[in-house]
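Bear in mind the structure is a predicted one, so any value in this text is a computation, not a measurement.
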Amino acid sequence: MAVAPGYAIEPIKIARDDVALDLSGALEIHRSQGQNFQVSTAPGPDGIVRRIEVEAKDAASGDWAVFALANTTDQQIDKLIVAPHFRLVNSGLFWPDLGSSRIAAITPSEGFALDRQVSPDADVFQVTLDPGAVVTFVAELASPRLPQVYLWAPDAYKDSINSYTLYRGIVIGIAGLLALFLTILFVVKGTSMFPATAALSWAVLAYICVDFGFVNEVIEITPGSQQIWRAGTEVALATTFVVFLFAYLNLNRWHGHFSYGALLWIAGLALIAGVAVVDPAVAAGTARVSFAATAAVGLGLIVMLGFRGYDRAIMLVPSWVMVLAWMTASWMAITGVLNNDIVQPALGGGLVLIILLIGFTVIQHAFAGGALHQGLFSDLERQALAVAGSGDTVWDWDVLRDRVTTRPDVSLPLGLSPNALGGPARTWLPVLHADDRDSFRTTLDVVLEHRRGRVMQHFRLRGADGHYHWFALKARPVVGSDGEVIRCVGTLVDITEQKKSEERLLQDAVHDNLTGLPNRELFLTRLETVISIAKTEETVRPTVLVIDIDRFKQVNDGLGISAGDTILLTIARRLHRLLKPADALSRFSGDQFAFMLLSEQDPARIAAFADSIKQAIRTPVNFAKREIILTASVGLVTWTTTQGTAADMVKDAELAMQQAKRFGGDRIEPFRPAFRSVGTDRLQLESDLHRAVERKELTLVYQPIVRLEDRSVAGFEALLRWEHPRRGAIPPSDFIPVAENSGLIVQLGLFAMQRAAEDLASWQTQIGETPLSVSVNLSSRQLLRRDLVSDVRSVVARANIKPICFRLELTESLVMDNPEQSAHVLAKLKKLGIGLSIDDFGTGYSSLSYLTRFPFDTIKIDKSFLEDPSPKRAVLLKSMVSMAHELGMAVVAEGISDERDALELRQMGCEFVQSYMFGAPMPADAALKMLKEQYPAVQA
């Protein structure tokens with residue numbers, strides 16, 4: 001079978017906060033392409049365009065739509081692709097598109113197949129985009145037309161459906177009540193205009209029920225018959241519109257020739273109704289033209305008869321103005337002039353407003369002359385109609401006969417025998433919940449005693465299956481001529497779902513949504529209660545343990561949020577099995593849990609319990625055919641009489657847990673008061689660092705980068721050192737994070753670049769022009785600064801060195817934190833002529849795509865690869881060296897510890913090494929001395 005060609009497309013960039021994106025204009029439609037279809041994908045993150053082939057699931061299908069989506073964020077995005085079956089907008093006038101299934105299937109270029117969501121009104125597919133992914137989607141079209149495709153956020157789409165459902169329910173309810181009301185008028189007042197108006201109202205109700213998808217909820221409509229139903233309701237609407245105009249204006253009274261025309265018109269529409277079964281589009285188009293023609297003819301008749309003083313025509317003017325306005329809006333919608341999703345439901349609501357206005361007009365005319373002033377219904381009849389329309393159950397207690405009656409019978413929804421709750425009020429007591437019986441009985445007694453008041457009570461009734469249903473009773477007493485209550489009448493409403501929602505809200509307010517465990521607030525409340533007991537009971541000594549899963553963020557990043565949630569549920573179940581009746585477990589946040597231990601008081605047993613927590617978390621978790629081993633940092637504190645509030649205890653336990661993480665994690669750390677000063681030490685260190693910059697306590701040391709070929713010095717890496725006047729030498733691992741958080745890293749980085757460039761210039765002046773370079777490490781704050789390029793240019797120019805001799809080193813994780821910004825800045829730096837090195841290669845994202853995206857000229861292999869005892873180490877090292885050379889990059893190996901490694905790397909083609917074996921970091925004068933020893937001839 002021939003394979004149809006396709007072409008690459010431009011992806012649509014989406015973000016997590018996008019609510020709804022219209023993809024209709026971005027689709028590429030391919031007609032009559034056969035069952036097998038090939039298309040070029042959108043360029044991926046690596047810039048490569050691929051070809052995919054898709055086979056049609058429907059043998060008759062040959063139309064395809066292609067689009068591409070790009071996740072530009074660093075988070076997984078879940079979206080819904082929605083193609084509505086019917087859209088009034090741009091549906092056409094003469095051969096309208098009456099809706100059908102639009103998309104048979106969607107095939108992504110990568111990842112799993114899209115899940116089709118159940119929806120009677122649209123084709124809905126769930127799509128998940130990984131961070132940074134670019135996915136091309138090929139949609140097999142189930143019909144030739146695809147009027148609209150939206151990309152929705154799942155919650156937003158759900159909210160949209162719910163909001164439209166509420167609106168449609170209100171409109172359908174009003175239309176139903178109006179049709180029922182006009183039908184009742186027809187029974188009461190049998191003139192011809194009433195059945196005509198009632199028929200039009202029922203046709204409107206049928207039309208909006210089909211248009212709003214309500215008929216699908218009542219009867220099962222197959223996808224192929226949807227067009228027939230829609231065309232049938234449009235024909236019915238056009239037919240009853242003609243009948244109403246003819247009957248209301250009473251055209252057969254004085255204008256007999258109008259009768260023949262109306263009969264022929266109606267007969268023609270009846271034939272069109274039969275055509276709707278064979279060709280719904282033709283029938284619907286004819287009905288739309290008929291509706292417009294009826295509006296135009298009606299306008300002429302109203303004008304003509306109105307000038308003759310015919311009162312019916314004059315009273316119909318406001319309604320017909322509404323009809324013409326609705327017709328204009330409908331024409332603008334079906335021709336595409338009005339193009340939004342609000343038009344269709346708005347037009348449905350507009351039809352109901354027209355019928356409402358026509359109904360008022362009919363009532364006003366029919367009952368003019370006294371009937372309207374006397375009132376159509378009595379107060380009791382109006383109240384009865386209102387209750388019937390609301391759908392509530394009428395609760396009537398005949399006090400004199402002590403008989404309760406409900407209409408409709410409330411026994412049936414409860415699964416009880418018919419009229420099981422009819423009879424004396426006491427028959428309700430066995431069915432009532434035990435907690436509600438006294439209040440129910442007392443409320444009724446109070447109303448009888450005081451002979452006034454109102455019954456407003458919520459109670460539970462037990463169904464035949466044993467489950468309880470919540471009901472709301474609102475009733476008022478009816479007092480007889482003797483001043484005694486003769487009956488109590490009101491409404492009974494089933495509020496079970498409302499109560500369940502309230503319970504869920506209360507549960508969610510104090511419990512974690514994922515694990516169902518108490519949250520932090522509930523934990524603190526319970527702990528506060530226990531502490532108040534502990535102050536008077538010596539046997540009560542609560543211990544708080546705060547548990548934090550070590551490096552759990554890596555699990556979420558590697559396996560995804562859903563996998564992380566599954567693992568958290570597993571851990572929560574394991575921890576819950578350690579609980580005894582007196583203890584409590586809570587989930588504070590993310591991967592942090594807390595225990596309140598009351599069952600153990602002995603310190604040794606508390607330590608054993610903490611160790612059992614560690615072992616429970618350390619037990620491997622099997623997920624997706626792999627074992628995941630986690631560790632935990634545990635901080636604990638036991639209450640003493642000197643302890644303060646529950647919040648203080650939890651804070652102390654968290655300080656102990658944080659100290660355990662500082663020591664490397666996977667340990668249990670009891671609280672010590674000294675932990676409270678750790679934060680203040682950090683503030684003091686930040687203050688001292690500010691003064692260190694001002695007092696020039698910071699210096700640079702240089703570690704040689706040596707050529708393996710002849711063991712000569714090719715350059716140096718500049719490393720920052722701080723000699724504190726009181727604390728002595730402070731390692732970079734302590735003060736660099738402080739500088740990052742405080743913003744001082746920018747000032748420190750500029751100092752390091754300037755000093756390194758000046759030292760290099762001084763060396764070159766004393767030893768001559770030699771192939772020598774100096775490398776300076778770059779931080780994340782520096783990389784994101786707009787002034788970085790101008791700073792580097794100024795440093796190179798001020799030191800009067802060649803740009804190629806000055807190098808900047810960046811880590812993988814630093815570059816990939818913001819790849820777009822990094823690529824932009826690195827490209828500008830490369831234009832200056834300086835060198836760029838990627839540090840700690842292989843320990844970050846382990847993604848090779850960035851090597852082609854960023855202008856690096858050197859990679860530095862991390863020392864962990866050389867320390868790896870695995871026999872595959874040589875294969876991995878050789879692969880990295882070969883790959884770097886193929887990409888035109890030099891290689892620097894870090895952490896060489898013996899000559900055997902040096903020889904092995906030399907044979908692999910590695911050019912440079914950097915380790916303590918070839919030279920430890922040294923001051924600038926020691927580096928100059930080393931250079932002078934290496935280049936004596938140059939000095940001479």
With the side chain counted from C-beta on, respond yes when Glu723 and Glu697 share a heavy-atom pair under 4.5 Å apart, and no when they do not. no

To the nearest 0.5 Å, atom CG of Asn556 lies from atom CD1 of Ile561 at 4.0 Å

Salt bridge (charged side-chain N to carboxylate O under 4.0 Å, His left out) between Glu894 and Lys863: does it pass, once the steps are laid out? CA-CA 5 Å; Glu894 295 182 300; Lys863 63 181 180 181; over 6 Å; no

Search all heavy atoms of Ile801 against all heavy atoms of Ala761 and return the closest pair with its distance. CG2-CB, 3.6 Å

Is it true that, when you exclude Asn800 itself, more than 12 heavy atoms of the residues, nucleotides or ligands shown sit nearer than 6.0 Å to its CG? no

Short side-chain to backbone donor-acceptor contact, Asn71 and Gln75, under 3.5 Å: yes

Look up atom CG in Leu931 and atom CD in Gln764, then write down how far apart they are to the nearest 0.5 Å. 9.5 Å

Quick one, Pro771 and Arg707 - any side-chain contact, counting heavy atoms below 4.5 Å? yes

Without hydrogens or angle criteria, can the side chains of Ser589 and Gln592 be said to hold a donor-acceptor pair below 3.5 Å? no

Just checking, any donor-acceptor pair under 3.5 angstrom between side chains of Asn777 and Glu717? yes

Run Lys79 and Asp18 through salt bridge (charged side-chain N to carboxylate O under 4.0 Å, His left out) and show every step you take. CA-CA 9 Å; Lys79 296 290 184 181; Asp18 290 337; 5.4 Å; no

Measure from the side-chain N and O atoms of Ser882 to the backbone N and O of Lys878, and report whether any donor-acceptor pair falls under 3.5 Å. yes

Ile12 CD1 to Leu69 CG distance, which is reported to the nearest 0.5 Å: 5.5 Å

Do the side chains of His724 and Phe735 get nearer than 4.5 Å, heavy atoms only? no

Verify, without hydrogens or angle tests, whether Ser879 (side chain) and Val875 (backbone) share a donor-acceptor contact under 3.5 angstrom. yes

Which heavy atom of Val135 sits nearest to which heavy atom of Pro108, and what is that distance? CG1-CB, 3.8 Å

Hey, is CD on Gln747 packed in by over 12 heavy atoms from elsewhere, all under 6.0 Å? no

Mark yes or no for whether Asp901, through its side chain, and Ile896, through its backbone, hold a donor-acceptor pair below 3.5 Å. no

Parallel under 30°, tilted from 30 to 60°, perpendicular over 60°: which one fits the rings of Phe67 and Phe137? parallel

Going by the side-chain contact (heavy atoms from CB on, under 4.5 Å) test, name the single residue among Leu810, Ile745, Val746, Leu748 that passes it with Ser779. Ile745

Of all heavy-atom pairs between Pro704 and Gln914, which one has the smallest distance, and what is that distance? O-CG, 3.6 Å

Output for pair (Asp710 CG, Gln934 CD), nearest 0.5 Å, gives 7.5 Å

With no hydrogens and no angle check, do the side chains of Thr811 and Asp839 hold a donor and an acceptor under 3.5 Å apart? no

Have Asp78 and Thr128 got a donor and an acceptor in their side chains that come within less than 3.5 Å? yes

Quick one: does Val892's side chain get under 4.5 Å of Ile861's, heavy atoms only? no

Between Val546 and Val634, is the side chain to side chain contact (heavy atoms under 4.5 Å, CB included) condition met? List the steps. CA-CA 6 Å; Val546 174; Val634 182; over 6 Å; no

For Leu836 and Pro855, which heavy atoms make the closest approach, and how far apart are they? CD1-O, 3.7 Å

Considering all heavy atoms, the nearest Pro11-Ala70 contact: CB-CB, 4.0 Å

Is the side chain of Thr41 donor-acceptor paired with the backbone N or O of Arg50 at a distance under 3.5 Å, no angle test? yes

Closest contact, heavy atoms only, Ile629 versus Arg618: CG2-O, 3.7 Å

Does Met908 reach the side chain of Leu877, with side-chain heavy atoms less than 4.5 Å apart? yes

Can you tell me how far the OG1 atom of Thr73 sits from the CG atom of Asp130, to the nearest 0.5 Å? 10.0 Å

Tell me, with the steps shown, if Asp591 and Asp548 meet side chain to side chain contact (heavy atoms under 4.5 Å, CB included). CA-CA 6 Å; Asp591 58 347; Asp548 189 90; 3.6 Å; yes

Donor-acceptor pair, distance only, cut-off 3.5 Å: does the side chain of Arg873 make one with the backbone of Leu866? yes

Rounded to the nearest 0.5 Å, what separates atom CG in Asp74 from atom CD1 in Ile77? 9.5 Å

Can a donor-acceptor pair be found, under 3.5 Å and without considering hydrogens, that links the side chain of Ser109 to the backbone of Ile52? no

Does a donor on one side chain sit under 3.5 Å from an acceptor on the other, for Arg807 and Ser837? yes

Hey, are Lys661 and Glu654 close enough for a salt bridge, meaning a charged N less than 4.0 Å from a carboxylate O? no

Would you check, one step at a time, whether the test side chain to side chain contact (heavy atoms under 4.5 Å, CB included) holds for His690 with Leu744? CA-CA 8 Å; His690 275 281; Leu744 283 173; 3.6 Å; yes

Determine, step by step, whether Arg51 and Ser40 satisfy the side chain to side chain donor-acceptor pair (under 3.5 Å) criterion, reporting the C-alpha distance in whole Å, the side-chain angles of both residues, the deciding distance to 0.1 Å, and the verdict. CA-CA 4 Å; Arg51 297 279 291 179; Ser40 296; 2.8 Å; yes

Would you say the side chain of Leu808 lies within less than 4.5 Å of the side chain of Met753, judging by non-hydrogen atoms? yes

I'd like to know if the side chain of Glu669 and the backbone of Ala656 have a donor-acceptor N/O pair within less than 3.5 Å. no

Residue pair Lys614 / Ile668, side-chain heavy-atom distance below 4.5 Å: yes

Say whether, by atom type as modelled, one donor and one acceptor occur between the side chain of Gln766 and the main chain of Trp763 under 3.5 angstrom. no

With distance as the sole test, does Asp759 use its side chain to make a donor-acceptor pair with the main-chain N or O of Ala756 at under 3.5 Å? no

Under 4.5 Å between any side-chain heavy atoms of Val795 and Gln754, yes or no? yes

Applying side chain to side chain contact (heavy atoms under 4.5 Å, CB included) to Arg798 and Arg793, what does each step give before you reach the verdict? CA-CA 9 Å; Arg798 193 178 304 167; Arg793 184 187 296 112; over 6 Å; no

